Amino acid sequence: MIISGTELAKEIKQDVAKRVAEYKVEYGREPHLVVILVGENPASVSYVTGKAKDSAEVGFKNTTIRKPDTISEAELIELIGQLNEDRSVDGILVQLPLPKHISEEKVIEAINKEKDVDGFHPLNVASLWQKLPCLLPCTPKGIIKLLDKAGVEIAGKKAVVIGRSNIVGLPVAKLLLDRNATVTIAHSRTQNLAEVTRQADILVVAIGRAKFVTADMVGEGAAVIDVGVNRDPESGKLCGDVDFEACKDKASVITPVPGGVGPMTRACLMENTIECYLNNIKK
């Protein structure tokens, strides 16, 4: 089964749009998402354009603030501070990656955790690990929704996550643990990695290396979730971290690239913005 993130994301956005219409009547305004784009990285521009499109579809107010890649770290943090204080702004997202002279950690920490729609703020991450109420990071949240939609049993299963980032790898491992899976966190240099991954009932790959996972690394009947977005060095086309054509016949379910996890990340961003909006509007 090829899991279509596009179809599930459409369902989620339809639900969000319905809720937005109701909230606009009840509270007198729609949710407001502000996205900050630094520089002109083509991939970042594409992502930001997609987020604006999604916002329009569900009825959000979307403001995209574009800044040159020469902006200083201090100027960017000052801008975030102004948005934190603006009661009309519900969610703030700074598109990553940022220029090398700007600390992504400092920028993420500068965002008010109540407006942190990405779920990257250290206090949100800490709350996740302590099982306290928090905004879940969009991509891990979307992965769990995809597994549920596909009918993949998580409890009691062996899961392997290749990737250790605070954005995807570690949070998705925590969410799988919370659903009673046994989780192994690996990376590209893990010794005998193929032996580890072949034991997985659920394999999540998030390392940003084109077609890194080959058929010999996938166990028969595994659920394979591909988070990577890369360019195939041979064809130049978008591809994932998983060699899709080689692995699809061994997997019970698998996500394509594009059309798998990516649309779910954006749909979950819409859900998180709703949460931030409700928290802000009720203060």
Side-chain angles (χ1 to χ4, degrees), residues 1-6 41-44 46-47 95-97 100 104 120 137-147 150 152 154 157-177 181-266 268:
M1 180 193 299
I2 298 174
I3 312 176
S4 173
T6 301
N41 178 287
S44 294
S46 176
Y47 292 149
Q95 182 64 47
L96 303 178
K100 291 182 179 180
E104 293 184 354
F120 295 164
C138 300
T139 298
K141 180 179 180 181
I143 289 169
I144 299 299
K145 286 179 179 287
L146 281 172
L147 290 170
V152 175
I154 297 176
K157 300 300 182 180
K158 294 179 181 178
V160 173
V161 178
I162 308 178
R164 301 172 293 173
S165 77
N166 289 324
I167 294 174
V168 179
L170 294 179
V172 77
K174 179 60 168 60
L175 293 180
L176 289 166
L177 282 169
T182 299
V183 181
T184 299
I185 303 174
H187 52 87
S188 61
R189 296 184 180 180
T190 297
Q191 288 189 356
N192 303 315
L193 180 58
E195 292 181 17
V196 175
T197 58
R198 280 196 295 269
Q199 302 303 312
D201 301 303
I202 301 168
L203 177 60
V204 180
V205 193
I207 56 172
R209 293 179 61 177
K211 297 184 177 181
F212 177 80
V213 170
T214 51
D216 67 304
M217 298 173 69
V218 177
E220 291 288 344
V224 180
I225 305 296
D226 188 352
V227 185
V229 179
N230 312 283
R231 288 285 176 186
D232 186 325
E234 295 180 2
S235 68
K237 295 181 180 179
L238 283 179
C239 69
D241 292 347
V242 175
D243 188 336
F244 180 84
E245 291 299 327
C247 296
K248 67 179 182 180
D249 292 333
K250 294 187 72 175
S252 60
V253 298
I254 188 169
T255 56
V257 176
V261 174
M264 289 300 299
T265 298
R266 285 166 39 190
C268 289

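Remember, it's a predicted structure, so these values are computed and weren't measured experimentally.
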Just verifying a value: how many Å separate [X] [atom1] and [Y] [atom2], rounded to the nearest 0.5 Å?
X      : Y      : atom1 : atom2 : value
Met264 : Ile3   : CE    : CD1   : 10.0 Å
Asp232 : Lys237 : CG    : NZ    : 9.0 Å
Thr182 : Ile154 : OG1   : CD1   : 12.5 Å
Cys239 : Arg231 : SG    : CZ    : 9.0 Å
Ser4   : Leu146 : OG    : CG    : 8.5 Å

Problem - Closest approach of Ala210 to Pro233 (non-hydrogen atoms, all atoms of both residues) - result: CB-CD, 4.2 Å
Fill in the blank from the handout: Heavy atoms of Ala181 and Ala159 approach each other most closely as CB-CB, 4.5 Å
Practice task
Test Tyr47 against Val229 for side-chain contact (heavy atoms from CB on, under 4.5 Å), laying out the working first.
Solution key: CA-CA 12 Å; Tyr47 292 149; Val229 179; 4.1 Å; yes
Would you mind listing every side-chain hydrogen bond (donor to acceptor under 3.5 Å, both in side chains) that reaches into [range], with sequence neighbours excluded?
range            : value
residues 218-230 : Asn230-Asp241
residues 245-260 : Glu245-Lys248
residues 160-174 : Lys174-Asp178

Partner residues of [X] under the side chain to side chain contact (heavy atoms under 4.5 Å, CB included) criterion, sequence neighbours left out:
X      : result
Pro140 : Pro137, Pro171, Val172, Leu175
Arg209 : Ser188, Ile207, Phe212
Pro97  : Ser44, Glu104
Ala173 : Val161, Val183, Ile185

Practice task
Could you pull out all residues at least two apart from Lys145 that satisfy salt bridge (Lys or Arg N to Asp or Glu O under 4.0 Å)?
Solution key: Glu271
Handout entry: side-chain hydrogen bond (donor to acceptor under 3.5 Å, both in side chains) against Gln191, all qualifying residues, sequence neighbours excluded
Key = none
Exercise for the section: Apply side-chain hydrogen bond (donor to acceptor under 3.5 Å, both in side chains) to Thr139 and list each qualifying residue two or more places apart in sequence or on a separate chain. Expected result: Thr265
Considering only distance and modelled atom types, tabulate donor-acceptor pairs under 3.5 Å from the side chains of residues 198-206, sequence neighbours left out.
residue: Arg198; atom: NH1; partner: Asp216; partner atom: O; Å: 2.7
residue: Asp201; atom: OD2; partner: Lys158; partner atom: N; Å: 2.8

Exercise for the section: Measure the shortest side-chain to side-chain distance between Val224 and Val253 over non-hydrogen atoms and say whether it is less than 4.5 angstrom. Expected result: no
Practice task
Side-chain contact test, heavy atoms from C-beta onward, threshold under 4.5 Å: evaluate it for Val242 versus Val257 and give yes or no.
Solution key: no
Handout entry: Option passing side chain to side chain contact (heavy atoms under 4.5 Å, CB included) with Val213 (candidates Leu193, Ile162, Thr197, Asp243)
Key = Ile162
